[in-house]
Amino acid sequence: MEALVYKSTGSWYVVKTGDGNIYKARVKGRFKMEGITSTNPVAVGDMVNIEMEAGEENTAVIDLIVDRKNYIIRQSPHNKNQHHIIASNLDQSILFATVKNPKTSTGFIDRFLVASEAYHVNAILVFNKADDFNKNDHKKYETLSNIYNSIGYKVLLISVVNKTGLHELAALLHNKTSLMSGHSGVGKSSFVNYVLPASKIKTQDVSGWSGKGLHTTTFAEMFDLEEGGKIIDTPGLREFALSDIDQYELAHYFPEMRRLLPQCQFNNCVHINEPGCAVKQALDDGIISISRYNGYINILNTMADKYN
Ligand code: GDP
Ligand code: ZN
C-alpha cells in the first residue's frame, strides 16, 4: 500500500494512505539509501510503501521510499558529520520573518534563500507583525521587499494579530506542499494555528498513541489544509544545512549573481577582488544590493572556515 509520511519521531512515523487511513509505521532492520548519509532514512513528505505488521493493529512496516522530487537536510545537533533529512517533496518553503521583536537578519534570510535554491525549492518571504510597525519599520520593510522582489522572490506583509494579508498567504498555500520556517518568536505557530485549528487537533488525536516514551524531538509534521494543500511545520528548526555547497558554487544560488557568472573573466572567480568580475561590477553599478553581496561574503567566509 502506498502512503504519505506525515510525522517523524525518529523511530516511528505516522503515515496516511490514499483512502485517508492513518497508521503508525516503522522501518525494520537497516534501510540503506543510495548516496545519502542520513540518521533517519524516512522523511516527512515521503511517499512510501507499507505492509501491515502481522498480529498488530494499525501498525505497519515501511519497505520502500518512492524517489524524492527534492528534500531538505539539516545537520545533526549532536554530530556535525551526521545529516538528517527534514522533509521531502516540497513545492515551496515559506520563511516567516520580522523587522523587529525579534528582528530577522538579512544574513539569516540569505542563508535560507541559498538553501532553498540549492534544494530546488521555491522560496517565499513573509514578514509578520505589520500591526506593530511604525513609520520607520514600514520603510525597513519596503527596502527589504524591494531587494528581494527585484531578484524574483515573492514577499508578503501580514499581521496574524490583525488578520491582514492572511488570505493572500493562504491562497499561495492552496494545493501545494509548503514548508514553514522561521526563527522562534516571529509568529509562525500563530499562523499555523490560524490556518488549521481543526485539522491540527485531529491529527494529534488520531496519532494518539500519546507519545509514550517518545521524548525525542519531533523533527517535522505535515498537516492537511482544509482548502487543499499541505503545510509542514518544523518546530525548533533554525537552519538548513549548506554543507554540500562549495565556494565556487555559492554564487549560483544567488539568482541575481547567477545570470552574471558567464561574464566574469575567470571561471573560478569567487567575486571578491578578481579582475574582470561581473558581480563586483554589478555591485558598483547598484544592480546587486550591498546587503545581498554582504550575505554572499558571510556565507563564503563560513565555508572558508570549514575548508581551512
Ligand atoms: P513562533 O515562535 O514563530 O511560532 O511564534 P509564536 O506564534 O509563538 O508568536 C511569538 C509571539 O509573537 C507571541 O507572543 C505572539 O502573540 C506574537 N505574535 C504573533 N503574530 C503576531 C502579529 O501578527 N503581531 C504581533 N504584534 N505579535 C504577533
Ligand atoms: Zn566574479
Chemist: Is the shortest side-chain heavy-atom distance between K230 and Y6 below 4.5 Å?
Modeler: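 K230 reaches Y6 side chain to side chain.
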
Chemist: List the atom of G45, the atom of N89, and the distance in Å for their closest heavy-atom pair.
Modeler: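 Nearest pair, atom of G45 first, then N89: O-ND2, 2.8 Å.
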
Chemist: If you draw a 6.0 Å radius around NZ in K139, do more than 12 non-hydrogen atoms from other residues or ligands fall strictly inside?
Modeler: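 No, because the 6.0 Å sphere around NZ of K139 holds 12 heavy atoms or fewer from other groups.
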
Chemist: Which residue pairs pass the salt bridge (Lys or Arg N to Asp or Glu O under 4.0 Å) test with at least one member in residues 258-269, sequence neighbours excluded?
Modeler: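 Residue pairs with at least one partner in residues 258-269: E117-R258.
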
Chemist: With a 4.5 Å cut-off on side-chain heavy atoms, are L300 and I272 touching?
Modeler: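 Answer yes - side chains close enough.
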
Chemist: Do other residues, nucleotides or ligands put more than 12 heavy atoms under 6.0 Å from N267 CG?
Modeler: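 No, CG of N267 has 12 or fewer neighbouring heavy atoms, counting only those of other groups under 6.0 Å.
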
Chemist: Using modelled atom types and a 3.5 Å cut-off, is there a donor and acceptor pairing between side-chain atoms of T98 and backbone atoms of N101?
Modeler: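 Looks like no, no N/O pair under 3.5 Å.
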
Chemist: For S178 and Q92, which heavy atoms make the closest approach, and how far apart are they?
Modeler: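 That would be OG-NE2, 2.9 Å.
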
Chemist: Give the minimum heavy-atom separation between K100 and N134, together with the two atoms involved.
Modeler: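 Minimum heavy-atom contact is NZ-ND2, 4.0 Å.
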
Chemist: Following the transitive rule for hydrophobic clusters with a side-chain heavy-atom cut-off under 4.5 Å over Ile, Leu, Val, Met, Phe, Trp and Tyr, establish whether I287 and Y293 coincide in one cluster.
Modeler: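 Unlinked, I287 and Y293 end up in two clusters.
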
Chemist: Could you walk me through whether I22 and V14 satisfy the side chain to side chain contact (heavy atoms under 4.5 Å, CB included) test, starting with their C-alpha distance in whole Å, then the side-chain angles of each, then the deciding distance to 0.1 Å, before giving a yes or no?
Modeler: CA-CA 7 Å; I22 293 174; V14 176; 3.5 Å; yes

Chemist: A side-chain contact here means heavy atoms from C-beta on lying under 4.5 Å apart; do D132 and D137 qualify?
Modeler: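 Side chain of D132 against side chain of D137, heavy atoms only: no contact under 4.5 Å found.
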
Chemist: Using modelled atom types and a 3.5 Å cut-off, is there a donor and acceptor pairing between side-chain atoms of D233 and backbone atoms of E221?
Modeler: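 No, because the side chain of D233 does not come within donor-acceptor range (under 3.5 Å) of the backbone of E221.
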
Chemist: What distance do I72 atom CD1 and S88 atom OG have between them, rounded to the nearest 0.5 Å?
Modeler: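 Taking CD1 in I72 and OG in S88, the distance rounds to 9.5 Å.
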
Chemist: Would you mind listing every ring-ring contact (aromatic ring centres under 6.0 Å, His included) that reaches into residues 139-159, with sequence neighbours excluded?
Modeler: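 Found F127-Y141.
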
Chemist: With rounding to the nearest 0.5 Å, note down the distance linking NE2 in H174 to CG in L225.
Modeler: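 Atom-to-atom, H174:NE2 and L225:CG are 9.5 Å apart.
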
Chemist: Rounded to the nearest 0.5 Å, what separates atom CG in N122 from atom CG in D91?
Modeler: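 If we round to the nearest 0.5 Å, N122:CG and D91:CG are 9.0 Å apart.
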
Chemist: Test of understanding: clusters of I, L, V, M, F, W, Y form through side-chain heavy atoms closer than 4.5 Å, transitively. Do V48 and V61 belong to the same one?
Modeler: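 In one cluster with V48: V61, no.
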
Chemist: Got K129 and V99 here, is their nearest side-chain heavy-atom distance under 4.5 Å?
Modeler: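 The answer is no, as the side chains (C-beta and beyond) never meet within the 4.5 Å cut-off.
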
Chemist: Do other residues, nucleotides or ligands put more than 12 heavy atoms under 6.0 Å from the NZ atom of K154?
Modeler: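 Count not over threshold, so no.
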
Chemist: So do L283 and I290 actually touch side chain to side chain, heavy atoms under 4.5 Å?
Modeler: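 Sidechains of L283 and I290: in contact.
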
Chemist: Name the residue from N301, I288, V270, V279 that meets the side-chain contact (heavy atoms from CB on, under 4.5 Å) definition with Y296.
Modeler: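 Among N301, I288, V270, V279, the one that satisfies the side-chain contact (heavy atoms from CB on, under 4.5 Å) with Y296 is V270.
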
Chemist: Determine whether H252 and L261 satisfy the following criterion, side chain to side chain contact (heavy atoms under 4.5 Å, CB included), listing intermediate values before the conclusion.
Modeler: CA-CA 8 Å; H252 289 267; L261 301 179; 3.7 Å; yes

Chemist: Determine yes or no for a side-chain-to-main-chain donor-acceptor pair under 3.5 angstrom, with H271 supplying the side chain and A251 the backbone.
Modeler: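 Checking the backbone N and O of A251 against the side chain of H271, no donor-acceptor pair under 3.5 Å is found.
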
Chemist: Are L113 and F254 side-chain neighbours, meaning at least one heavy-atom pair lies under 4.5 Å?
Modeler: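 No, too far: nothing below the 4.5 Å cut-off.
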
Chemist: Near N175 CG, under 6.0 Å, is it more than 12 heavy atoms from other residues, nucleotides or ligands?
Modeler: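 More than 12 within 6.0 Å, yes.
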
Chemist: Strictly by salt bridge (Lys or Arg N to Asp or Glu O under 4.0 Å), give each pair with a member in residues 270-297 just once, sequence neighbours left out.
Modeler: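 Only D110-R292, E256-R292 qualify under salt bridge (Lys or Arg N to Asp or Glu O under 4.0 Å).
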
Chemist: State, with a plain yes or no, whether a side-chain heavy atom of M222 is found less than 4.5 Å away from one of I231.
Modeler: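 Not in contact.
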
Chemist: Following the transitive rule for hydrophobic clusters with a side-chain heavy-atom cut-off under 4.5 Å over Ile, Leu, Val, Met, Phe, Trp and Tyr, establish whether Y248 and I297 coincide in one cluster.
Modeler: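 Yes, because Y248 and I297 connect within a single hydrophobic cluster, where side-chain heavy atoms sit under 4.5 Å apart.
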
Chemist: Carefully, step by step, assess L4 and V15 under the rule side chain to side chain contact (heavy atoms under 4.5 Å, CB included).
Modeler: CA-CA 5 Å; L4 193 55; V15 305; over 6 Å; no

Chemist: So H138 and F133, would you call those rings parallel, tilted or perpendicular, with 30° and 60° as cut-offs?
Modeler: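 Because their plane-to-plane angle is over 60°, the rings of H138 and F133 count as perpendicular.
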
Chemist: If we only count heavy atoms from C-beta on, is the D46 to V66 side-chain gap below 4.5 Å?
Modeler: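 Not in contact.
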
Chemist: Looking at SG of C277 and CG of L260, how far apart are the two atoms once the value is rounded to the nearest 0.5 Å?
Modeler: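 The SG atom of C277 sits 8.5 Å away from the CG atom of L260.
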
Chemist: For residues 160-169, please give each side-chain donor-acceptor pair under 3.5 Å, one per line with the distance, not counting sequence neighbours.
Modeler:
from, atom 1, to, atom 2, distance (Å)
T164, OG1, S159, N, 3.4

Chemist: Please report the closest heavy-atom contact between N70 and V121, naming both atoms and the distance.
Modeler: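 N70 and V121 have their closest heavy atoms at ND2-CG2, 3.6 Å.
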
Chemist: Return the minimal non-hydrogen interatomic distance between A3 and T17, and the atom names on each side.
Modeler: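 Closest pair (atom of A3, atom of T17, distance): CB-CG2, 4.0 Å.
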
Chemist: Considering residues at least two apart in sequence or located in another chain, which fulfil the salt bridge (charged side-chain N to carboxylate O under 4.0 Å, His left out) criterion with K16?
Modeler: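 Once residues adjacent in sequence are excluded, the partners of K16 under the salt bridge (charged side-chain N to carboxylate O under 4.0 Å, His left out) criterion are D224.
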
Chemist: Tell me every residue that passes side chain to side chain contact (heavy atoms under 4.5 Å, CB included) with S291, counting only those two or more places apart in sequence or in another chain.
Modeler: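 Only T106, I147, S289 meet the side chain to side chain contact (heavy atoms under 4.5 Å, CB included) criterion with S291.
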
Chemist: Once you round to the nearest 0.5 Å, how far does CD1 of I124 lie from CD1 of I94?
Modeler: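 These two atoms lie 4.0 Å from each other.
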
Chemist: Which heavy-atom pair separates Q263 from A278 by the least distance, and what is that distance?
Modeler: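 Minimum heavy-atom separation between Q263 and A278: CB-CB, 3.7 Å.
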
Chemist: Given side chain to side chain contact (heavy atoms under 4.5 Å, CB included), test K188 with T234 step by step and report yes or no.
Modeler: CA-CA 10 Å; K188 183 183 66 156; T234 50; 3.8 Å; yes

